[in-house]
Amino acid sequence: MNKKEHVPAHIAVIMDGNGRWARQQGFARIRGHKQGVDSVREITRECAKKNIQQLTLYAFSQENWKRPQREIKFLMKLLKEFLISERKEVEENNIRLTAIGRIQGLPDDIQKEIALSIEKSRKNTGMILCLALNYGGRAEIVDAAQAIARDVKNGKMNIGEIDEETFKHYLYMKNMPDPDLLIRTGGDMRVSNFLLWEISYAELWVTPVCWPEFRKEHLEIALNDYRRRERRFGGLG
Ligand code: IPE
Ligand code: IPE
Ligand code: MG
């Protein structure tokens, strides 16, 4: 693979700025979420086309429950519609859908649609589309710590066996490669509790462009920037 074609294996995206975008247009915040679905569709299709192995989208954080009930309800409705309407697109693009987060904390009907989408796309061999739902990076680490403690208590593992590699296997997605590139739209320079363990050496790319207007041209700029980065992982270049 030559340098020009070099793409990240795993891209993670903090899809932010929906509300601000809507406000700027004089609409209610929820209009931004609705418009954001178009961005999800375009970026997913584009990443699949570019042979990205995995695209992880931060769709709903554990902290987003703090929002007004009306907005949460709308987001859940949108998520359900998305899961149902995108099944055909997922199938046509050979995409395997997965989810990370405390899925058991989502409404029952949403859990059902997630399970069905995962099941239907289970055998697909193309890009993995991973939705982070009711996701918190600290919660993920705490959940892993509890599962490890349980296994140690039950005699399945010794304390001495807990290293970074085994720890990783207790995270929400066992075989997930770490993100190479973390994109955040909406301009804020923070990680907002996203993939705290996994982004240790991710390349960060923040754009002021809000998610509802983020299109493949913007993705292209991010990928070009990524290609120019020198990743040293603590070593020498
Ligand atoms: C991101 O957009 C979508 C979710 C967090 C669900 P926001 O709703 O956070 O939009 P801003 O950041 O307030 O503009
Ligand atoms: C991060 O955006 C969460 C998602 C994109 C789902 P937020 O809007 O919730 O993050 P903060 O509150 O600005 O840090
Ligand atoms: Mg936000």
Side-chain angles (χ1 to χ4, degrees), residues 10-44 47 54-83 85-86 97-107 109-111 113-114 117 129-143 171-173 176 179 181-199 202 204-215 218-219 222:
H10 182 183
I11 301 177
V13 186
I14 301 174
M15 309 184 288
D16 197 25
N18 291 357
R20 274 166 285 164
W21 176 84
R23 285 285 181 225
Q24 283 157 17
Q25 318 288 313
F27 302 134
R29 288 178 53 81
I30 56 172
R31 184 77 172 261
H33 299 315
K34 196 162 186 290
Q35 188 75 19
V37 177
D38 292 345
S39 309
V40 170
R41 199 172 293 124
E42 177 164 325
I43 297 308
T44 302
C47 285
Q54 180 166 337
L55 174 66
T56 300
L57 302 176
Y58 203 5
F60 194 83
S61 79
Q62 198 178 243
E63 288 74 25
N64 287 148
W65 296 109
K66 292 178 194 162
R67 296 187 180 199
Q69 264 310 310
R70 261 189 57 235
E71 182 165 338
I72 294 172
K73 258 187 128 161
F74 185 83
L75 283 166
M76 292 301 149
K77 181 170 130 323
L78 209 57
L79 172 60
K80 187 171 171 179
E81 285 170 5
F82 172 80
L83 287 164
S85 68
E86 295 316 292
L97 194 126
T98 61
I100 53 171
R102 289 185 175 160
I103 303 302
Q104 68 281 9
L106 291 166
D109 58 328
I110 304 274
Q111 287 188 49
E113 298 303 339
I114 294 170
S117 288
L129 173 62
C130 175
L131 302 178
L133 300 166
N134 191 19
Y135 178 87
R138 287 183 173 177
E140 180 174 28
I141 294 169
V142 167
D143 286 352
L171 295 171
Y172 291 143
M173 246 184 100
M176 170 163 114
L181 175 63
L182 174 65
I183 294 175
R184 183 171 185 140
T185 61
D188 285 318
M189 302 273 187
R190 55 176 175 260
V191 293
S192 302
N193 202 16
F194 192 38
L195 302 175
L196 296 183
W197 172 280
E198 297 88 341
I199 60 169
L204 310 182
W205 191 81
V206 178
T207 174
V209 174
C210 289
W211 181 249
E213 55 189 9
F214 191 84
R215 287 293 175 271
H218 305 106
L219 177 69

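We count ligands from 1, going down the list as the structure has it; atoms in each ligand are counted the same way. Fair warning: this is a prediction, and the values are worked out from it, not measured in the lab.
Checked against a 3.5 angstrom limit, the closest N/O atoms of Asp16 and ligand 2 fall inside it.
In this structure, the protein non-hydrogen atom closest to atom 9 (O) of ligand 2 is Asn64 ND2, 3.0 Å. Of the protein's non-hydrogen atoms, Tyr58 O, 3.3 Å is the one closest to atom 6 (C) of ligand 2. Here the protein heavy atom with the shortest distance to atom 10 (O) of ligand 1 is Gly19 N, 2.9 Å. Scanning the protein for heavy atoms near atom 2 (O) of ligand 1, the closest one is Asn18 N, 3.2 Å. Nearest to atom 13 (O) of ligand 1 among the protein's heavy atoms is Arg29 NH1, 2.9 Å.
Salt bridge annotation for Arg138-Asp143: absent, with no cationic side-chain nitrogen under 4.0 angstrom from a carboxylate oxygen.
Donor-acceptor pairing under 3.5 Å is recorded for the side chains of Glu63 and Asn193. In the model, His218 has no side-chain atom that pairs as donor or acceptor with a side-chain atom of Glu213 under 3.5 Å. There is no side-chain donor-acceptor pair under 3.5 Å between Glu42 and Thr44.
Ligand 1 lies less than 4.0 angstrom from a heavy atom belonging to Gly17. Distances from ligand 2 to the non-hydrogen atoms of Arg67 include at least one value under 4.0 Å.
With a 4.0 Å cut-off on non-hydrogen atoms, Asp188 does not touch ligand 1 at all. With a 4.0 Å cut-off on non-hydrogen atoms, Phe60 touches ligand 2 through its backbone and not its side chain.
Contact between Gly32 and Pro212 at its shortest, heavy atoms only, is O-CG, 3.5 Å.
The atoms of ligand 1 that sit less than 4.0 Å from any heavy atom of Arg20 are 11 (P), 12 (O), 14 (O). Ligand 1 places these atoms under 4.0 Å from at least one heavy atom of Ala59: 6 (C). Numbered from 1 in the order shown, with element, the atoms of ligand 2 that lie under 4.0 Å from a heavy atom of Ser192 read 10 (O), 11 (P), 14 (O). Close contacts between ligand 2 and Arg184 involve ligand atoms 2 (O), 10 (O), 11 (P), 13 (O), 14 (O) [criterion: under 4.0 Å to a heavy atom]. Of all atoms in ligand 2, listed by their number and element, those nearer than 4.0 Å to a heavy atom of Arg190 are 11 (P), 13 (O), 14 (O).
The number of heavy-atom neighbours closer than 6.0 Å to CZ of Arg215, taken from other residues, nucleotides and ligands shown, is above 12. A 6.0 Å sphere centred on CZ of Arg67 holds more than 12 heavy atoms belonging to other residues, nucleotides or ligands.
Checked against the Mg ion (ligand 3), the N, O or S atom of Asp16 at the shortest distance is OD1.
Side chain of Thr185 to backbone of Thr207: no donor-acceptor contact under 3.5 angstrom is found. Put simply, the side chain of Glu140 never gets that close to the backbone of Leu171: no donor and acceptor are under 3.5 Å apart. In this structure a side-chain-to-backbone donor-acceptor pair under 3.5 Å is present from Tyr58 to Ser192.
Here the shortest heavy-atom distance to atom 1 (C) of ligand 1, taken over His33, Glu63, Met15, Gln24, belongs to Met15.
In this structure, Tyr135 and Tyr172 have perpendicular ring planes: the angle between them is above 60°, well past the 30° mark.
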